[in-house]
Structures are given as C-alpha cells and as structure tokens.
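One structure is given below, encoded as structure tokens.
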Amino acid sequence: MNDPTLRRTPLFDTHLATGAKMAGFAGWAMPIRYGSQIDEHHAVRNCAGMFDVSHMTIVDIDGAGTLKFLRHLVANDAGKLKSAGSGLYGVLLNEAGGIIDDVIVYRRDRGYRVVSNAATRDTVIDWYKGRADRFDTVLVEREDTAMIAVQGPEAVARFADATGLSEVAELKRFHALDVPHKAATWMIARTGYTGEDGIEVILPARGAPWLWRELAGAGVVPAGLGARDTLRLEAGLNLYGQDMDETTTPPESNLGWTVAFKPADRDFIGRDALETQRENGVGNKLTGIALEERGVMRHGMRVVTNAGEGEVRSGIFSPTLGYSIGLARVPRAAAGEVGILIRGRERRGRIVRPPFVRKRSRGRAKSREEP
Amino acid sequence: MTDTPDEAKYAETHEWARLDDNGHVVVGISDYAQEQLGDVVYVELPDVDQQVDAGAEAGAVESVKAASDIYAPVSGIVVAVNTSLDDTPELVNQDPYGDGWFFAIEPDSTDELADLMDAGEYSEFCESE
C-alpha cells in the first residue's frame, strides 16, 4: 500500500505498524481490517472499537449568511439547531431531488461545521462554492484535522478513561462539545455509523496517533472499514453511492424523514421536485431484505418480488445475526417473500424493515445466552 | 508471511491438493487465499460421489469480502466432504491445511498432480500476484 496517488490520513503509519490490511477507498489509503473483520465487528457490538474516519470531508462555514445558506442547501432544516452544540442529519439535493450527499450539520459557538462523505468531496465542495457567493459566508475545508469514531456500549467510558474528558458522558445524542485539550480544540460529537452508542472526535492531525494509542491502551479495539460496513448495514444506515445517489430521492432511499417540508416558505434546493414526486407517487422504495437460505447477498444482485423486480444495493453476511442481510431498491408495493438471484440460483428472502439489529433486542439475545 | 507446506501441491486458483495414505487427493484453499479472502462465512461443497474435472468448478467459498469459486485440482470422484464447515466455516481461516479441508477426491489418475505447482513455485506465484 505504497500507492503515491492515494491520500494518507494522519494515522497511516499507525495502521501499517498495527499490521492493517490497507486498500484504496475514495482516493484514500484506508485500513480495511487489522485481523478478523468479524472479531472487530463483535468488539464494537459488545464493548468498544475505534475507526479512523479522517477521510471524511469537514467544512467550517461562517459569516452572517450561513444559516440562510444551510437552510437553502440542506433538505432538513438547519433552523432546528437552536443552540451551539446541537447537530442534525440531512441530505443535500440537486434540483431534481436527487441526493448529492448525506451530511451532519453542527451549530457551533461561531458558525457551523458540516461533515460529509469522502467519496463526494469534490462534488460537495464545488456545490457549496457555486452557491456561497449569493450568501454572506466563508467556507473553510479542514485538511489539518483527523477524525476518530469510538463506538460501542463501552465507548464513552473507555474514551473518558483514556483522555480524562469525563464530560462526554453528559453529552446528548447528536450533540457536540468543543473541549480544549493540550492547547488545541477537539470537537466531540455523540454520533456514529454503527447503531451503537459512541462518539466521533475531530482533532488536530498531529494529536491523532497519541489519541489512538491511548484508546488502544484503554482496551478500545481498532476496527477497519470492513467492520464499519457490516455494522452500519445491521443498523439500517445507508451508504452514499450505493444505497442512494444523485438519481434517487429521499423517499426512494428510506430518508423521507430527513426532509423538512415545514415551514412551507423555506426554499431549499430540490423542494419542488420532491413535492411533485409526492403528488404523483413514489415508484420505488429502499427496504431491508433478510436472506432465509445460505449464501450472501451482494451489491447489484437481482430481486424478484410480488410487485416486480428490484436490486440489492448493499448486501453482507451479518456477523450479529448469522445470515445475510441487505438493502434493496424494490417497487413500493413489494412485501413478504422475495427471491434473490445469487450466483445463478434463486434464493428465498423476506422483506423486513431496517434496522436489522437493535440495541434492545441484542440485550434480550445476550440474556438468553447467559446460563 | 503466509504458510505454504511442502507436502501439498498448489493450483493457480489457490487450491491445495495433497495425496493421502488411501490414495485420495484432499483439497482445500491455501493460507494465502484465506488471508486474502478474510473471514469465511459459508462454504459450498460438491456432493459425495459427484464427478469433478480438473480445472472445473467444484464448489464456492463466501467470505466477508466476496464469493469465490473453488476448482477441482484433479479429475475424479468426490469420496468425502468436510461437513464441519457447515457450522464452523471459520476453520478455513484457522487451519486451512488441516481441519479447514474442503473435500477429498478419488483421482482418475495421480498424473494431474504433476501439473500443479510445488510449494516454492506457488510462493513465488503469490508474490507476483
């Protein structure tokens, strides 16, 4: 993994020293797994794991017109962010209502911070820049930072142990805290992409190897992008570029709930298209499929339903459940039993509503196992 | 570094084949292959008494990463399959040359083994991949 065309995160050397299996992802050299991907997955579900997500795109937006700018670009309403430290999930839409990216917007003491995907970096930055002039805003793309996600039922406690920052325990879900740490400021958010409790920390690049080491010392297990994918899919969370893209709208992507139509006079990009689609009806939906036979569903496999054909967008073997699960785009009326074409053979599956794994049901499963 | 025992012969498709004391050819996938695939989650095996042909598909292995076909390294009749892989496919990762074996063939002839790579050739082949 010495490909010079790939960008490196501040933790690149740390990953190599840990024996990570590295691969190119969205133009970055990223750890896919360190040892067993399934062990890393279970570590996050049962205790605590950490992910290097420094490849994510972070843009700080400031200036008098920032809120107007965000209310125009994000389909969820940044006006809901009533105080510094609150955060909001939403999507950026094009005029046709297609999804350009999914983002988290944080309101800070001064200005806003928007975190989006790595794969869409150039598209999203261009999208902002092409519209920022009409508002009084200043955009700063942060390239001097690292981002580490610490996830799992023990994540917050272990993080507090490792750093002494016990105030994170009080942090509410989807809220963020700016804390001074060693002459720098860390932003710590109670967010994640695993379906577990946890935090995501944005800190200066130079501090990342130190934090990674301290967390490892506190028993937090390094986990790669492989486990990140199986965890997010069990939690029913979309992956941009796979489960949604510029050709699919939020209602077609199980994200209708992220669009704020109220107040009616908020003019956000894509609104007209979504309202038209709402009147005419939405043809497809993104839903979950659980495989009831052996095999593993993968991206692009054909799905046969009672209401017509569809396609698997994301498919994995679920380490928690012990069978294959996936997200598929199928006709809206599809329900019940479906067939999935896996390597030339039709296998039986069932349409289910994501998430596939919930914290509560896991608790029950766990207590069943105990003698 | 991955393990490549001298007792086995190797195919370019990363199966190993080893002649046992009964004259059967035992087949599995190499340590290099399991390392590349990552955690194995399902193994599809041929049926006992099934005829398999050298270089033809005889099963499949699904890992967290991808599905891969398994090719028979020699022609013959399948005489045994490792049914413990049904419930514990992780044996392929833990012990690829031992408990993680896939199936055994009664070979039409042992000549086809000579067409496979020895351990040294296979190690070089993996490095060049």
Side-chain angles (χ1 to χ4, degrees), chain A residues 1 19-25 30-45 223-234 290-301 312 314-326 340-345 347 349, chain B residues 1-3 13-15 29-48 50 52 56-72 81-96 98-100 102-103 126-129:
Chain A
M1 191 39 62
K21 206 165 198 65
M22 306 289 286
F25 176 84
M30 298 301 291
I32 300 305
R33 60 186 167 93
Y34 299 83
S36 158
Q37 179 181 317
I38 289 180
D39 288 351
E40 291 166 20
H41 178 106
H42 290 315
V44 173
R45 283 274 177 261
L225 293 189
R228 187 169 156 82
D229 191 51
T230 51
L231 288 157
R232 69 93 190 167
L233 192 46
E234 284 186 349
L291 194 66
E292 296 184 330
E293 295 188 78
R294 286 165 60 90
V296 182
M297 292 184 283
R298 312 266 183 195
H299 174 75
M301 286 179 174
V312 174
S314 287
I316 56 157
F317 173 81
S318 159
T320 304
L321 300 170
Y323 52 80
S324 179
I325 57 172
I340 304 100
L341 211 68
I342 300 181
R343 297 163 54 74
R345 289 226 291 266
R347 307 278 189 173
Chain B
M1 263 321 280
T2 53
D3 183 23
T13 44
H14 301 289
E15 295 83 8
I29 63 167
S30 71
D31 189 31
Y32 175 83
Q34 69 79 19
E35 171 62 26
Q36 293 295 312
L37 285 170
D39 295 313
V40 171
V41 296
Y42 288 116
V43 179
E44 260 177 53
L45 297 168
D47 297 326
V48 171
Q50 182 182 328
V52 291
E57 195 187 320
V61 54
E62 289 264 14
S63 77
V64 288
K65 185 174 149 192
S68 313
D69 290 328
I70 300 300
Y71 301 95
V81 297
N82 185 2
T83 49
S84 55
L85 296 183
D86 284 350
D87 293 328
T88 47
E90 60 269 25
L91 290 173
V92 177
N93 297 110
Q94 291 162 0
D95 191 9
D99 291 342
F102 280 27
F103 51 89
C126 291
E127 271 170 43
S128 69
E129 272 219 318

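This structure is a prediction, so every number in the text was calculated from the model and none was measured. The sequence lines fix the lettering, A, B, ..., with proteins before strands; numbering per chain opens at 1.
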CZ on Phe103(B) to CG on Asn82(B), rounded to 0.5 Å: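 Answer for the CG-CZ pair, Asn82(B) versus Phe103(B), is 11.5 Å.
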
Pairwise side-chain contact, Val296(A) with Val64(B), heavy-atom cut-off 4.5 Å (strictly under):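 A side-chain contact under 4.5 Å is absent here.
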
Pairwise side-chain contact, Met301(A) with Leu341(A), heavy-atom cut-off 4.5 Å (strictly under): no

Part of Val61(B) within contact of chain A (heavy atom distance under 4.5 Å): neither

Region of Ile316(A) in contact with chain B, defined by heavy-atom distances below 4.5 Å: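 It is neither, since no heavy atom gets under 4.5 Å.
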
Check against side chain to side chain contact (heavy atoms under 4.5 Å, CB included), Ile325(A) and Leu291(A): CA-CA 6 Å; Ile325(A) 57 172; Leu291(A) 194 66; over 6 Å; no

Residue pairs passing the salt bridge (Lys or Arg N to Asp or Glu O under 4.0 Å) test where at least one lies in residues 314-324 of chain A, sequence neighbours excluded: none

Hey, can you dump all donor-acceptor pairs under 3.5 Å between chain B and chain A, distances included?
from: Glu35(B); atom 1: O; to: Arg33(A); atom 2: NH2; distance (Å): 2.5
from: Asp39(B); atom 1: OD1; to: Ser36(A); atom 2: OG; distance (Å): 3.0
from: Asp39(B); atom 1: OD2; to: Ser36(A); atom 2: OG; distance (Å): 2.9
from: Asp39(B); atom 1: OD2; to: Gln37(A); atom 2: N; distance (Å): 2.9
from: Asp39(B); atom 1: OD2; to: Ile38(A); atom 2: N; distance (Å): 2.7
from: Val43(B); atom 1: O; to: Arg294(A); atom 2: NH2; distance (Å): 2.9
from: Glu62(B); atom 1: OE1; to: Arg298(A); atom 2: NE; distance (Å): 3.4
from: Glu62(B); atom 1: OE1; to: Arg298(A); atom 2: NH2; distance (Å): 2.5
from: Ser63(B); atom 1: O; to: Arg298(A); atom 2: NH2; distance (Å): 2.8
from: Lys65(B); atom 1: O; to: Arg298(A); atom 2: NH1; distance (Å): 3.4
from: Ala66(B); atom 1: O; to: Arg298(A); atom 2: NH2; distance (Å): 3.3
from: Asp69(B); atom 1: OD1; to: Arg343(A); atom 2: NH2; distance (Å): 2.5

Contact summary for Phe102(B) and Leu45(B), nearest pair of heavy atoms: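 Result for this residue pair: O-CD2, 3.5 Å.
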
Exercise: identify the closest heavy-atom pair between Pro46(B) and Val81(B): O-CG1, 3.3 Å

